[in-house]
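What follows is one structure encoded as structure tokens, with my remarks underneath.
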Amino acid sequence: MTRGLAARLATHDRLVEVGIGNRPDVARDLAQRGCAVTATDIHERPVPDGVAFVRDDVTDPDSAVYGDADAVYALRCPPELQRPAHEAARRADAAFYFTTLGADPAVVPATPTTLDEGTLFRATDTPGRGQAAGAGGRTPRDVRSRNGGESP
């Protein structure tokens, strides 16, 4: 169920998931694709093999957690956490992606993309390190080789 979402995010080498909670599927899928993934939460959480965990509160973030990220993402992100997560990504010069809970709105400027799993938003003013707005960190060829010949 998370493959389309992971394929979109896997265009980045280093990612931070904000508020992993008890649903580590996307982080696991990204790690299996060879991405470096750090998961955060305000509570200690178990994470899959290949995923690092750091206890962090995005409303008062430790900038070192996000500093090397190419992208920051938050799944089922409520409106009150979108701005702090967006700001953490901007400070790190990282792209910011998020999904919302049900009918919650996007409260930061973002472009939506419809996936099988729902809508993925990308903040329009966080291009990410070393890339133009809207472009991924890798070429399609790099993604195909990472995905065993599949293109996202």
Side-chain angles (χ1 to χ4, degrees), residues 1-108 110 112-123 126 128-131 136-138 142-152:
M1 188 72 174
T2 65
R3 297 223 183 265
L5 184 55
R8 291 293 177 131
L9 295 173
T11 60
H12 300 280
D13 290 320
R14 295 175 311 275
L15 300 104
V16 174
E17 180 170 344
V18 173
I20 193 164
N22 294 317
R23 296 183 180 166
D25 297 346
V26 173
R28 182 196 62 237
D29 289 354
L30 287 166
Q32 289 174 346
R33 291 171 183 263
C35 298
V37 181
T38 299
T40 71
D41 203 290
I42 60 172
H43 303 288
E44 195 71 28
R45 303 288 185 179
V47 293
D49 289 341
V51 176
F53 178 81
V54 176
R55 193 168 176 182
D56 189 62
D57 181 349
V58 76
T59 65
D60 184 23
D62 175 352
S63 60
V65 173
Y66 306 90
D68 290 333
D70 299 316
V72 173
Y73 69 97
L75 306 177
R76 300 164 305 280
C77 190
E80 64 271 15
L81 294 182
Q82 290 174 27
R83 283 189 179 96
H86 176 237
E87 186 58 29
R90 278 191 4 192
R91 286 184 181 151
D93 193 26
F96 176 52
Y97 298 89
F98 61 100
T99 63
T100 60
L101 292 164
D104 281 348
V107 297
V108 298
T113 300
T114 302
L115 303 174
D116 288 342
E117 302 93 340
T119 303
L120 176 66
F121 293 91
R122 180 184 174 142
T126 56
R129 193 178 336 281
Q131 57 189 348
R138 294 192 194 103
D142 294 333
V143 174
R144 278 194 302 273
S145 65
R146 171 172 296 216
N147 297 334
E150 296 176 34
S151 183

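Values below: every heavy atom of this structure, side chains too, minus hydrogens, waters and symmetry copies.
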ask   = Quick one: do Arg14 and Asp68 make a salt bridge, cutoff under 4.0 Å?
value =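 Between Asp68 and Arg14 there is no salt bridge, as every charged N stays at least 4.0 Å from the carboxylate O atoms.
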key: Basic-acidic side-chain contact under 4.0 Å: Glu87, Arg91   =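 Salt bridge present between Glu87 and Arg91.
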task = Take Tyr97 and His12 through the ring pair (Phe, Tyr, Trp, His ring centres under 6.0 Å) test and state the conclusion after the steps.
result = CA-CA 11 Å; Tyr97 298 89; His12 300 280; 5.5 Å; yes
Aromatic plane relationship, Phe121 with Phe98 - under 30° parallel, 30 to 60° tilted, over 60° perpendicular =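 Parallel: the ring planes of Phe98 and Phe121 meet at under 30°.
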Between [atom1] on residue [X] and [atom2] on residue [Y], distance to nearest 0.5 Å:
{"X": "Leu101", "Y": "Leu75", "atom1": "CG", "atom2": "CG", "answer": "10.0 Å"}
{"X": "Thr99", "Y": "Asp104", "atom1": "OG1", "atom2": "CG", "answer": "10.0 Å"}
{"X": "Ile42", "Y": "Thr59", "atom1": "CD1", "atom2": "OG1", "answer": "8.0 Å"}
{"X": "Thr11", "Y": "Arg33", "atom1": "OG1", "atom2": "CZ", "answer": "10.5 Å"}
{"X": "Gln32", "Y": "Asp49", "atom1": "CD", "atom2": "CG", "answer": "9.5 Å"}
{"X": "Leu9", "Y": "Asp70", "atom1": "CG", "atom2": "CG", "answer": "11.5 Å"}

Might you point out which heavy atoms bring [X] and [Y] nearest each other, and give the distance in Å?
{"X": "Gly21", "Y": "Asp41", "answer": "N-OD2, 2.8 Å"}
{"X": "Pro61", "Y": "Val58", "answer": "CD-O, 3.2 Å"}
{"X": "Val47", "Y": "Ala52", "answer": "CG2-C, 4.4 Å"}

message = Under the side-chain contact (heavy atoms from CB on, under 4.5 Å) test against Tyr66, which residue among Thr38, Asp93, Val54, Asp56 passes?
response =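 In the set Thr38, Asp93, Val54, Asp56, the residue that makes a side-chain contact (heavy atoms from CB on, under 4.5 Å) with Tyr66 is Asp56.
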Test item: [X] and [Y] side chains (from C-beta on) under 4.5 Å apart, heavy atoms:
{"X": "Val72", "Y": "Val18", "value": "yes"}
{"X": "Arg83", "Y": "Val108", "value": "yes"}
{"X": "Pro79", "Y": "Pro105", "value": "yes"}
{"X": "Gln82", "Y": "Thr100", "value": "yes"}
{"X": "Thr40", "Y": "Phe53", "value": "no"}

Results of side-chain contact (heavy atoms from CB on, under 4.5 Å) for Ala31 - residues two or more places apart only =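 Ala31 satisfies side-chain contact (heavy atoms from CB on, under 4.5 Å) with Val51 once adjacent residues are dropped.
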From CA spacing to verdict: side-chain contact (heavy atoms from CB on, under 4.5 Å), Leu120, Leu5 = CA-CA 8 Å; Leu120 176 66; Leu5 184 55; 3.6 Å; yes
query = So which pairs with a foot in residues 17-27 pass side-chain hydrogen bond (donor to acceptor under 3.5 Å, both in side chains), sequence neighbours left out?
reply =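 Applying side-chain hydrogen bond (donor to acceptor under 3.5 Å, both in side chains) to every pair that reaches into residues 17-27, excluding sequence neighbours, yields Glu17-Tyr73, Asn22-Arg45, Asp25-Arg28.
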